[in-house]
J.: 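Structure below; questions to follow.
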Amino acid sequence: DASLTPLEIELEAQHYYATIKRDDFLVTNELKLNLETIDKYINTNTQQEPLIIYGPSGSGKSSLMSKAIELAQKHTTKKVSYRFVGATENSATSMDILTSLLLEHDIDVRPINDSNEATPNLKNLIDKDNSEIFEKFSLKIYSHIENIKEQIVIFIDAVDQLFNAD
């Protein structure tokens, strides 16, 4: 649909991917315990420490995360955001993912190009392997994250599959 913004297109694609992964979710006692642990972490953790779920490829981490997203959206008053690395062409790098997540919260951290406009596609910056741009971007992200006052739950799946080592 031509009337959708790039962010709206990304969110729709991420939602679709989550739905597909959730369809693969088979509830076992172990997975119920995992979901309860995630739910408890989301609803009782007041720290900013990450909860990391890891395991071998194909073990169901993405399906578990998708189900946890669904439950979090139903059972918490916190804003829930998520990205599945590689689910779309705009979710292959940490810059893309962080930019998209923050845009979802009305924070625009896209680098400014020479014409003083926000750069819509960050791949051009990453392909140049410009560490100075990435460092400035990281500092900008940090300053914005530090100022967020609302409670947000962020799920990022398959961080090990990011496009490059940024």
Side-chain angles (χ1 to χ4, degrees), residues 1 4-105 107 109-110 120-129 131 134 137-138 141-142 145 148 151-166:
D1 187 349
L4 295 177
T5 67
L7 177 61
E8 291 168 332
I9 292 168
E10 179 67 22
L11 293 175
E12 276 191 10
Q14 291 289 332
H15 175 75
Y16 176 76
Y17 190 85
T19 302
I20 297 298
K21 286 300 184 180
R22 197 166 30 256
D23 288 345
D24 294 339
F25 190 78
L26 300 173
V27 179
T28 64
N29 287 334
E30 181 181 356
L31 292 176
K32 273 186 188 179
L33 288 173
N34 289 338
L35 287 171
E36 288 171 8
T37 300
I38 294 168
D39 183 63
K40 181 179 177 186
Y41 171 83
I42 290 169
N43 290 303
T44 62
N45 184 12
T46 58
Q47 302 299 313
Q48 295 181 0
E49 300 164 350
L51 173 66
I52 300 171
I53 299 169
Y54 61 94
S57 179
S59 63
K61 297 177 302 294
S62 296
S63 295
L64 175 67
M65 187 177 109
S66 182
K67 189 65 175 175
I69 290 166
E70 178 185 49
L71 295 174
Q73 289 172 325
K74 289 179 182 176
H75 299 135
T76 188
T77 58
K78 299 173 185 177
K79 169 79 172 153
V80 178
S81 298
Y82 57 91
R83 296 297 182 276
F84 292 86
V85 172
T88 68
E89 69 178 56
N90 294 318
S91 64
T93 71
S94 62
M95 286 179 78
D96 287 334
I97 289 170
L98 292 171
T99 298
S100 175
L101 284 166
L102 289 172
L103 277 173
E104 186 178 345
H105 296 276
I107 300 169
V109 293
R110 293 174 291 179
N121 185 349
L122 299 174
K123 287 185 181 24
N124 295 337
L125 296 174
I126 293 162
D127 289 344
K128 292 178 185 176
D129 193 28
S131 61
F134 186 78
F137 175 79
S138 298
I141 289 281
Y142 179 77
I145 289 174
I148 294 174
Q151 291 187 322
I152 302 172
V153 177
I154 298 175
F155 292 88
I156 303 176
D157 181 56
V159 173
D160 62 322
Q161 295 175 23
L162 286 168
F163 177 68
N164 57 0
D166 60 351

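This chain uses plain numbering: 1 for the first residue, then up along the sequence.
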J.: Please check if any side-chain donor atom of Asn43 sits under 3.5 Å from a side-chain acceptor atom of Thr76, or the reverse.
T.: yes
J.: Quick one: does Leu64's side chain get under 4.5 Å of Ile38's, heavy atoms only?
T.: yes
J.: Does the side-chain contact (heavy atoms from CB on, under 4.5 Å) test come out yes or no for Ile156 and Ile97, once each step is laid out?
T.: CA-CA 9 Å; Ile156 303 176; Ile97 289 170; 4.1 Å; yes
J.: Please tell me if the side chains of Met65 and Lys21 come closer than 4.5 Å, counting only heavy atoms from C-beta onward.
T.: no
J.: Where do Ala13 and Thr88 come nearest, in terms of heavy atoms and distance?
T.: CB-CG2, 3.3 Å
J.: Would you say that more than 12 heavy atoms from the other residues, nucleotides or ligands in this model lie under 6.0 Å from the NE2 of His15, or not?
T.: no
J.: Please round to the nearest 0.5 Å and tell me the distance separating atom CD1 of Ile141 and atom CG of Leu102.
T.: 4.5 Å
J.: Any side-chain heavy atom of Val153 within less than 4.5 Å of one from Phe155?
T.: yes
J.: Between Ile107 and Ile148, does a side-chain contact (heavy atoms from CB on, under 4.5 Å) hold up when you go through it step by step?
T.: CA-CA 10 Å; Ile107 300 169; Ile148 294 174; 3.9 Å; yes
J.: What I'd like to find out is whether the side chain of Leu35 reaches to under 4.5 Å of the side chain of Phe25, using heavy atoms alone.
T.: yes
J.: Hey, mind stepping through His105 and Lys79 against side-chain contact (heavy atoms from CB on, under 4.5 Å) and telling me if it holds?
T.: CA-CA 9 Å; His105 296 276; Lys79 169 79 172 153; 3.1 Å; yes
J.: Could you walk me through whether Thr93 and Asp96 pass side chain to side chain donor-acceptor pair (under 3.5 Å), step by step?
T.: CA-CA 5 Å; Thr93 71; Asp96 287 334; 3.1 Å; yes
J.: Measuring from Asn90:CG to Arg83:CZ, what's the distance to the nearest 0.5 Å?
T.: 10.5 Å
J.: I need the full list of side-chain hydrogen bond (donor to acceptor under 3.5 Å, both in side chains) pairs touching residues 56-66, with sequence neighbours left out, sorted by first then second residue.
T.: Arg22-Ser66, Ser62-Asp157
J.: Going from OG on Ser138 to CD1 on Ile145, what distance comes out if it is rounded to the nearest 0.5 angstrom?
T.: 9.5 Å
J.: Do Leu4 and Glu12 have side chains that get closer than 4.5 Å, going by heavy atoms?
T.: yes
J.: Within the 4.5 Å heavy-atom criterion, are Ile9 and Gln14 side-chain neighbours or not?
T.: no
J.: Consider only side-chain N and O atoms of Glu104 and Ser81, and report whether a donor and an acceptor are under 3.5 Å apart.
T.: yes
J.: Is it true that atom CG of Leu33 has more than 12 heavy atoms of other residues, nucleotides or ligands lying nearer than 6.0 Å?
T.: yes
J.: Are Leu7 and Ser100 packed together at the side-chain level, in the sense that at least one heavy-atom pair is separated by less than 4.5 angstrom?
T.: yes
J.: In chain order, what residues pass the salt bridge (charged side-chain N to carboxylate O under 4.0 Å, His left out) check against Lys67, with sequence neighbours excluded?
T.: Glu70
J.: What is the distance from atom OG of Ser91 to atom OH of Tyr17, rounded to the nearest 0.5 Å?
T.: 9.0 Å
J.: What is the distance from atom CG of Leu31 to atom CD of Glu36, rounded to the nearest 0.5 Å?
T.: 11.0 Å
J.: Say you draw a straight line from CG of Leu98 to CD1 of Ile154; how long is it, rounded to the nearest 0.5 Å?
T.: 8.0 Å
